[in-house]
Amino acid sequence: MPYTILVAEDYEDSRMLMKFQLESVGYRVIEAADGYQAVEQTQKEHPDLILMDMSMPSLDGLAATERIRALETKTKLPIIAVTAHGHQYIDRALAVGCNELIGKPVDFELLETMINSYLTA
């Protein structure tokens with residue numbers, strides 16, 4: 001059974017591009033258009049990894065990550081912060097529980113390497 005990745009991204013075209021790229025290398029992809037949906041999908045679908053956009057309406061990626069971390073019991077779900085704001089978010093993202101940060105536009109080779117380091121560890 002393929003690994004499941006949750007793509008939390010408010011821009012539909014970005015979400016679709018990431019979904020296409022991830023599915024093309026064999027991952028199952030579920031989607032969330034905002035932080036509330038990301039928390040809900042995490043509880044419902046139990047993904048193996050989350051790609052969390054930091055700037056989303058309603059509930060941003062920082063707050064959504066905090067909520068997801070508060071729900072965890074034993075395992076620490078890998079969450080990779082995705083942002084167009086460069087590394088200015090890195091300290092905040094790590095402080096709320098993200099494992100790493102990748103900038104936009106996303107370098108899919110680098111992203112695949114990051115994902116593999118968590119899912120095959």
Side-chain angles (χ1 to χ4, degrees):
M1 179 137 88
Y3 288 110
T4 299
I5 297 176
L6 169 59
V7 174
E9 166 65 57
D10 59 321
Y11 287 105
E12 186 177 6
D13 8 342
S14 296
R15 206 170 53 244
M16 293 297 114
L17 177 61
M18 290 183 79
K19 180 178 180 170
F20 173 79
Q21 291 286 344
L22 294 167
E23 287 179 342
S24 73
V25 292
Y27 296 110
R28 175 178 172 257
V29 177
I30 55 177
E31 303 171 49
D34 64 32
Y36 289 112
Q37 288 179 12
V39 174
E40 181 181 300
Q41 287 288 68
T42 300
Q43 291 177 294
K44 180 180 168 190
E45 298 284 339
H46 307 286
D48 299 297
L49 183 138
I50 299 174
L51 298 175
M52 182 74 75
D53 181 24
M54 293 289 98
S55 300
M56 293 186 287
S58 305
L59 185 70
D60 69 16
L62 295 169
T65 298
E66 283 183 312
R67 290 185 184 197
I68 290 166
R69 290 294 184 225
L71 296 169
E72 291 179 322
T73 53
K74 296 179 185 174
T75 60
K76 188 170 181 188
L77 175 65
I79 301 175
I80 298 174
V82 182
T83 184
H85 300 289
H87 278 79
Q88 70 186 28
Y89 261 100
I90 190 121
D91 292 335
R92 293 169 61 197
L94 295 175
V96 298
C98 291
N99 299 84
E100 286 194 63
L101 182 135
I102 190 166
K104 290 181 183 178
V106 173
D107 174 339
F108 282 100
E109 276 187 39
L110 175 60
L111 180 61
E112 189 176 2
T113 300
M114 279 184 184
I115 290 170
N116 287 335
S117 74
Y118 289 103
L119 297 182
T120 59

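This chain uses plain numbering: 1 for the first residue, then up along the sequence. In what follows, every heavy atom counts, from backbone to side chain, and hydrogens, waters and symmetry copies are set aside.
Considering only heavy atoms from C-beta on, Glu45 comes within 4.5 Å of Arg28 through its side chain. Residues Thr42 and Leu71 are not in side-chain contact: their nearest non-hydrogen atoms beyond the backbone lie 4.5 Å or more apart. Using a 4.5 Å cut-off on side-chain heavy atoms (C-beta onward), Ile80 and Leu49 make contact.
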| said: Checking Asp34 against Asp10 for the side-chain contact (heavy atoms from CB on, under 4.5 Å) test, could you report, in this order, the C-alpha distance in whole Å, the side-chain angles of both residues, the deciding distance, and whether it holds? | reply: CA-CA 6 Å; Asp34 64 32; Asp10 59 321; 5.7 Å; no
| After noting the C-alpha distance and the side-chain angles of Tyr118 and Asn99, does the key distance pass the side-chain contact (heavy atoms from CB on, under 4.5 Å) rule? | CA-CA 10 Å; Tyr118 289 103; Asn99 299 84; 3.3 Å; yes
| task | Report the C-alpha distance between Ile79 and Ile68 in whole Å, list the side-chain angles of each, state the deciding distance to 0.1 Å, and finish with yes or no for side-chain contact (heavy atoms from CB on, under 4.5 Å). | result | CA-CA 10 Å; Ile79 301 175; Ile68 290 166; 4.1 Å; yes
| Pair Leu17-Asp13, side-chain contact (heavy atoms from CB on, under 4.5 Å): steps then yes or no | CA-CA 6 Å; Leu17 177 61; Asp13 8 342; over 6 Å; no
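Side chain of Arg69 to main chain of Leu77: a donor-acceptor pair is present (N/O by atom type, distance under 3.5 Å, no hydrogens or angles). Put simply, the side chain of Thr113 gets close to the backbone of Glu109: a donor and an acceptor are under 3.5 Å apart. In this structure, Asn116 contributes its side chain and Glu112 its backbone to a donor-acceptor pair below 3.5 Å. Listed for the Gln37 side chain is a donor-acceptor partner under 3.5 Å among the backbone atoms of Ala33.
Separation of atoms CG (Asp60) and CE (Met52) is listed at 9.5 Å; rounding is to 0.5 Å. If you take CG on Leu62 and CZ on Arg92, they are separated by 5.0 Å, rounding to the nearest 0.5 Å. The structure places CG of Leu59 at 12.0 Å from CD of Glu40, a figure rounded to the nearest 0.5 Å. Atoms CD1 and CE, on Ile90 and Met54 in that order, are 10.5 Å from each other to the nearest 0.5 Å.
A salt bridge is defined here as a Lys NZ or Arg NE, NH1 or NH2 lying under 4.0 Å from an Asp or Glu carboxylate O, and Lys104 with Asp53 meets this definition. Looking at Glu9 and Lys19, no side-chain N of the basic residue comes within less than 4.0 Å of a carboxylate O on the acidic one, giving no salt bridge.
Applying the side chain to side chain contact (heavy atoms under 4.5 Å, CB included) test between Leu111 and each of Glu100, Met18, Gln21 identifies Met18 as the sole match.
Between Pro2 and Gly26, the shortest heavy-atom contact is CB-O, 3.2 Å. Heavy atoms only, all atoms of each residue included: Val96 and Thr65 are closest at O-CG2, 3.6 Å. Closest non-hydrogen pair, Ala38 versus Ala32, comes out as N-CB, 3.4 Å. Across all non-hydrogen atoms, the minimal contact from Asp48 to Tyr3 is OD2-CA, 3.3 Å. The two residues Ile30 and Pro47 make their nearest non-hydrogen contact at CD1-CB, 4.3 Å.
Hydrophobic clustering (side-chain heavy atoms under 4.5 Å, transitive across Ile, Leu, Val, Met, Phe, Trp, Tyr) keeps Tyr36 apart from Tyr11. Leu22 and Met16 are members of different hydrophobic clusters when ILVMFWY side chains are connected at heavy-atom separations under 4.5 Å.
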